[in-house]
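Before any comments, here is the structure.
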Amino acid sequence: MPLFETRNFGSISFEPETALEFPRGLPAFENCRQFLALTLPEREPLVFLQSLEDSGLCFITVPVQVVDRDYKLRMAPEDLELIGLPTGAPPRIGDQVLCLAVLSMREDGPTANLLAPIVVNLRSRHAVQAVAPESSYSHQYPLMPAEAAHQGAEPCACAV
Amino acid sequence: MLMMSRRQGETILIGDDVEIVIAHIGRTRVKVGIRAPRETTVIAREVKLVRDENVAAAGMAKEENTPHLLKFLRGGPMR
């Protein structure tokens, strides 16, 4: 199994077939095409997207339903084609695709990018950061402290 | 903001070297052709927002930030 040195997690070993392939990279990181989606039991529900080309590049993400249980995924036909999904209907989260929101930290608290979720085709492991066309979702959706948030929601069950 | 009305096929010039053509007008979208110098970046506004957001997100993605982040997610850390 190949070993890869990371800034956050030290040396990690992984099965090459578990890597996610971003054919277009991510906006601002177009040359980074291969990532690992890592989960740690004590860090659930976070999913770390670790670049396999740049040991210092990592995104902290969370399944989009953790932030918004009713999130409606809409993707441009080009993005659907890019990751090998049919263009007729929006993909089903959890069943066809894993949908992750990238988290950021601002002075007034963390935010989630709901405008452009990372969508992974669970069958092919091809992925894209899908900038939703005509979306009303924010790229800086504020996260509320857990105590104040909606109670009773299940943690997501679709981690990689 | 300057507002201009244009028909399909008509053009707008910005400065000396940027040309915008209204290539097609559909029911809910317009297709716009842009001719600009190679060094001029042309991207949709939302892509620029996502680029900037990704740069900010990559900068804070450190293990030591995760306990704070988890306080903001439903259920918090699983123990």
Side-chain angles (χ1 to χ4, degrees), chain A residues 6-9 26-30 32 40-46 48-51 54 56-62 65-67 69 102-106 109-113 115-116 129-135 138-140 142-156, chain B residues 1-8 12 18 20-79:
Chain A
T6 67
R7 188 185 63 191
N8 273 323
F9 310 105
L26 282 86
F29 300 96
E30 283 80 5
C32 295
L40 304 170
E42 70 278 15
R43 296 285 184 250
E44 282 184 25
L46 299 179
F48 299 88
L49 271 192
Q50 170 64 51
S51 165
D54 177 348
L57 179 60
C58 181
F59 295 98
I60 302 179
T61 74
V62 73
Q65 318 86 289
V66 174
V67 179
R69 240 197 313 191
V102 178
L103 303 182
S104 254
M105 205 102 90
R106 334 202 82 76
T111 59
N113 184 348
L115 172 68
Q129 187 167 18
V131 183
E134 298 124 38
S135 172
S138 169
H139 64 299
Q140 295 175 349
L143 299 182
M144 296 298 152
E147 307 84 68
H150 210 71
Q151 292 298 309
E154 295 291 317
C156 173
Chain B
M1 189 187 291
L2 171 69
M3 305 294 272
M4 290 171 93
S5 293
R6 301 270 67 192
R7 293 199 166 83
Q8 189 166 309
I12 297 167
V18 177
I20 294 174
V21 186
I22 308 304
H24 179 76
I25 300 175
R27 198 169 52 84
T28 59
R29 338 181 73 186
V30 289
K31 194 174 262 182
V32 176
I34 298 150
R35 197 169 288 127
R38 192 165 288 279
E39 61 276 12
T40 304
T41 308
V42 179
I43 50 171
R45 179 175 177 270
E46 59 272 25
V47 176
K48 163 85 172 127
L49 296 180
V50 173
R51 287 183 69 92
D52 294 349
E53 198 56 27
N54 280 351
V55 171
M60 58 66 71
K62 301 189 179 81
E63 171 62 18
E64 61 264 30
N65 286 334
T66 56
H68 177 66
L69 267 180
L70 285 169
K71 290 187 208 144
F72 287 82
L73 296 166
R74 279 203 291 254
M78 313 259 289
R79 295 198 190 278

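Chain letters run A, B, ... following the sequence lines, proteins first and then strands; every chain starts at 1.
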- Query: Got a donor-acceptor contact below 3.5 angstrom from the B/E53 side chain to the B/R51 backbone?
  - Reply: no
If one checks every heavy atom of A/Q50 against chain B at 4.5 Å, the contacting part turns out to be neither
Cut-off 4.5 Å, heavy atoms of chain B, and the answer for A/T111 is side chain
Bottom line for B/N65: the part with an atom under 4.5 Å from chain A's heavy atoms is both
Answer key: most heavy-atom pairs under 4.5 Å with chain B among A/H139, A/Q140, A/R106 is A/H139
**Polar side-chain atom of A/N113 near backbone of A/V102 as donor-acceptor pair, under 3.5 Å** = no
Would you say A/L46 and B/L73 make side-chain contact, with heavy atoms under 4.5 Å? yes
*Is any side-chain heavy atom of B/V18 closer than 4.5 Å to a side-chain heavy atom of B/P37?*
yes
So, the part of A/L115 with a heavy atom under 4.5 Å from chain B: the answer is side chain
Chain A shares the most heavy-atom pairs under 4.5 Å, among B/T28, B/L49, B/N54, B/V50, with B/N54
d(A/L143 CG, A/L103 CG) to nearest 0.5 Å is 6.0 Å
